[in-house]
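A quick write-up on the structure given underneath.
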Amino acid sequence: MSENSKETTPVTELQLEGAPASSGSAIGKAFIYKKKEFDIQSSTIKRGEVLDHINEFKKARIDMESELQKIQGDSNSDEASDIIDAQIEMVNDPVLAGQIEKLIKEELYSVEFAIQRAFEDYIRLMNNSDNPQARERSIDISDIRDRLLEYINKESDSPAIESGCIVVTQDLSPREVISLTNYHISGIIMDRGGVTSHAAIIARSLGIPAVVGAKTATESINSELRVAMDGDSGKVFVNPTDLTLKNFKKVIEENRKRDEKLNEVISKKSETSDGHPFILRANIEFPEELEQVRALKASGIGLLRTESIYMEKEHFDDLTKQKEFYSTIMEGTGSEPVIMRLFDAGGDKIFDEKHKEQNPFLGWRGIRLLLDNRKLLREQLEAILTVAGAYPGRVKILVPMVTVLEELTKLREEIQSVQQKLKSQGHKIDEEVPVGIMVEVPSVALKIDKFAEMVDFLSIGTNDLTQYVLAVDRGNELIADIYNQRHPAVWELIAMVANSAARHNKQITVCGELASDPVSAACMLGMGISDLSMAPSKIARVKSILVGKSFEEMKALAAKVMDCSTTEEVNNLFQNWSES
Amino acid sequence: MIKKKVTIVNEAGLHARPAAALVKTASKFQSDFYIHMYGYRVNGKSILGVMTLAAEKGAELELEVKGNDEKEAAKAITRLIENGFDEN
């Protein structure tokens, strides 16, 4: 190692703190990963760079135009072709091009900043328009801007990331997290984001240690500096002292041994020590996660999130892309079932940037939004049901955010009509595609018998159920201490739903985070829920607890949790149970 | 220079598709082409400019065309708008 050679400046350990987003510790060289999107950092350039930046812009325009023309050539719908036509005009807008080049030449703006700046006025004008349609259309314009910026950044897209390094960045998209794993990085530190942010969810599912919301990490850490990070406490040490390093190495070694043990568990049969079977499935969102799902021998997908394909979708002609996505998932899961949750936008996942709400979690989201956007709903159903026909008996549809029975009736009608359409077009269909609902709104849990009669299966989403039953916004840090999925009220509802499912002989699963808490999983098993779905990285840990205890012990635990009056009592009960 | 008033007649107004058609037509001619509306003046060869007008059905535009082929240009543009961009 070169580190024992001369150091010019005395090294002092610097400690930062963020939120623990993904379990595990790591030591590595920092790699400062610059956001390649529109988070424009350096806004001005040197005079000598002007020509380069102008050429970059010209090249991006040409590349984007030729790609649009290619898409247009492939497209067989007039409507789509018209939209692409308009997009090509926008890319080639002479006034816009003049403005951008002028900003680079005269204001010495970087190409990214100039693009950003030039579009700003147009977008503002559209947003301020009295014409509501114009406000909607501003999305089309910002989409062109974003894609131009993407083309600009394509060149510098493959940073030289060394394996084993710790990536330090402001923010990451889920896809960026996934693509970073190809470099075998050992950890992620982000300035922004919360524990429930998308990037954090993906980091957890891939088992990469992560600390988020570290605020000043990118400012205080330089590339090449040594960093030690703890994804379980949120602590980050820059230039760690020998003592810190020693402690970290110990923890990392312990974790490695634990992981080794967990790996042994994977090949064990999924049954309790007294032979009661259970099923563990994976919650995923991207095909890139399938490999891990297979490695963990999960019984298929208990929750396929579908928001990402929509967030990235073009405004047209995306049915093919959707079908491809669903088919890839089916192909990658052998003969196991896949529960596909319909587009669950709204809440923290903004569907329409123009549409801001005061209480988004209590607002236009899930099935509420879908029933108001029938085209979107029908398209998704068409894609899912087409794929379901190709893999009969394996696809199940899960409906998010159901609150009242009518929503379910309306959805059933849509499913019927799409099935009819597919059939009349000569497609093979799966007549019996099961339809289930997310139990995440208290009204559904309270009237669960009525809902159970109408559905084929139930899936409890403890993340939202907790926030609704405790009236705690799960993204609000000020009240984060009240938000706890182990709260006795949550258990009460889970038990009610479990009992109802048993009475109606309906399949029941839990796909919320609580299912990935090993003792909670055991407690659910004790309540009669033997089908659990969780982030892939949690499966081995949950399984190791479930195979080590008897069903009788779990039933006793489930009975005791009903007597708890506080989260603390639940915590104590669980602690004692796992140690007994 | 030719100045001419026209009214948007198609239901959906001057959204992306008609704006693209307008800009395409105007760009076939050498003449400069500007649109005036509610005190705004935008370059009629810039689709972004045209879109920001957010002209709805019934909106009145004043066309300003200037150059060698201004007559032909004004005629072609006017016909396109008055035919509702062949949308309805």
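Keep in mind that the numbers below use all heavy atoms, side chains included, and drop hydrogens, waters and symmetry copies. Chain letters run A, B, ... following the sequence lines, proteins first and then strands; every chain starts at 1.
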In this structure, are over 12 heavy atoms from other groups packed under 6.0 Å from [X] atom [atom1]?
X      : atom1 : answer
A:K421 : NZ    : no
B:N68  : CG    : no
B:Q30  : CD    : no

Residue part contacting chain A, namely of B:L14, when any heavy atom lies under 4.5 Å:
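Backbone of B:L14 only, per the 4.5 Å heavy-atom cut-off to chain A.
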
Counting only heavy atoms closer than 4.5 Å, note whether B:A16 contacts chain A via side chain, backbone, both or neither.
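Interface part for B:A16: both.
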
Atom CD of A:E89 and atom NZ of B:K24: how far apart are they, to the nearest 0.5 Å?
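If we round to the nearest 0.5 Å, A:E89:CD and B:K24:NZ are 5.5 Å apart.
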
How long is the span from the OG1 atom in B:T52 to the CG atom in A:D121, to the nearest 0.5 Å?
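Output value for this atom pair is 10.0 Å.
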
Among A:N92, A:D85, A:I144, which residue forms the greatest number of heavy-atom pairs with chain B at distances under 4.5 Å?
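Among A:N92, A:D85, A:I144, the one with the most close pairs to chain B is A:D85.
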
Nearest atoms (heavy-atom pairs only) where A:Y122 meets B:G49
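Closest pair (atom of A:Y122, atom of B:G49, distance): CE2-N, 3.8 Å.
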
Would you name the heavy atoms of B:S46 and A:P94 that are closest together and state the gap between them?
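Of all heavy-atom pairs spanning B:S46 and A:P94, the closest is CA-CD, 4.5 Å.
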
Among B:I47, B:V23, B:N43, exactly one meets side-chain contact (heavy atoms from CB on, under 4.5 Å) together with A:D93. Which residue is that?
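With A:D93 as partner, B:I47, B:V23, B:N43 yield a single side-chain contact (heavy atoms from CB on, under 4.5 Å), made by B:I47.
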
Please assess A:M90 against B:L48 for the test side-chain contact (heavy atoms from CB on, under 4.5 Å), listing each intermediate value before the final yes or no.
CA-CA 6 Å; A:M90 286 190 232; B:L48 289 167; 4.0 Å; yes

